[in-house]
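Structure record follows, encoded as structure tokens.
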Amino acid sequence: AGKAKAQLFPFGIHSLDTAPDYGDSEKIIGQFNGENPKFKVYTKISGRVEISIESIKSSISQSMADLNCKALEGIYFHSPEKLINSDKKA
């Protein structure tokens with residue numbers, strides 16, 4: 001984490017964006033950012049799953065476990081259009 005911070009902070013990079021859809025990225029970030037976070041971390045709810053309260057809770061729990069963190073800076077949806085009923089106009 002120290003090496004990543006030393007290389008990224010001078011350029012104003014203080015946050016990381018990741019998602020379960022990006023392979024092992026959350027686990028890799030969890031290894032170096034972990035419980036003593038150096039970066040603000042944002043993740044996403046996968047666009048590959050059926051959107052429900054249960055799937056959202058499960059995705060967040062799994063991401064936090066993989067990221068080895070107790071809190072996230074923010075959570076986004078990979079496919080927000082899935083949240084809108086297709087027969088209604090947004």
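Residue numbers count from 1 along this sequence. Source: prediction; values computed, not measured.
Tyr42 contributes atom OH, which lies 11.5 Å from atom CD1 of Ile75 (distance to the nearest 0.5 angstrom). Between the NZ atom of Lys44 and the CZ atom of Phe77 there is a distance of 12.5 Å, given to the nearest 0.5 Å.
Residues Leu16 and Phe9 share a hydrophobic cluster, clusters being chains of Ile/Leu/Val/Met/Phe/Trp/Tyr side chains in contact below 4.5 Å.
Side-chain contact between Val41 and Glu73: absent, with no pair of heavy atoms (C-beta onward) separated by less than 4.5 Å. When side chains are defined from C-beta on, Met64 counts as touching Cys69, because their heavy atoms get closer than 4.5 Å. Contact check for Ile28 versus Tyr22: no side-chain heavy atoms found under the 4.5 Å cut-off. With a 4.5 Å cut-off on side-chain heavy atoms, Leu67 and Thr18 count as touching.
Glu26 and Ser63 form a side-chain donor-acceptor contact under 3.5 Å, judged by distance and modelled atom types alone.
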Margin query: For a side-chain contact (heavy atoms from CB on, under 4.5 Å) check, start with the C-alpha distance between Phe39 and Ile29, then their side-chain angles and the critical distance, and finish with the verdict.
Written below: CA-CA 9 Å; Phe39 296 94; Ile29 291 169; over 6 Å; no
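A donor-acceptor pair under 3.5 Å is formed between the side chain of Asn33 and the backbone N or O of Lys38. Side-chain atoms of Ser58 do not come within 3.5 Å of backbone N or O of Glu54 as any donor-acceptor pair. Not one N or O on the side chain of Ser59 forms a donor-acceptor pair closer than 3.5 Å with the backbone of Ser55.
Tested against Thr43 for a side-chain contact (heavy atoms from CB on, under 4.5 Å), the candidates Asp66, Asp21, Leu72 yield a single pass: Leu72.
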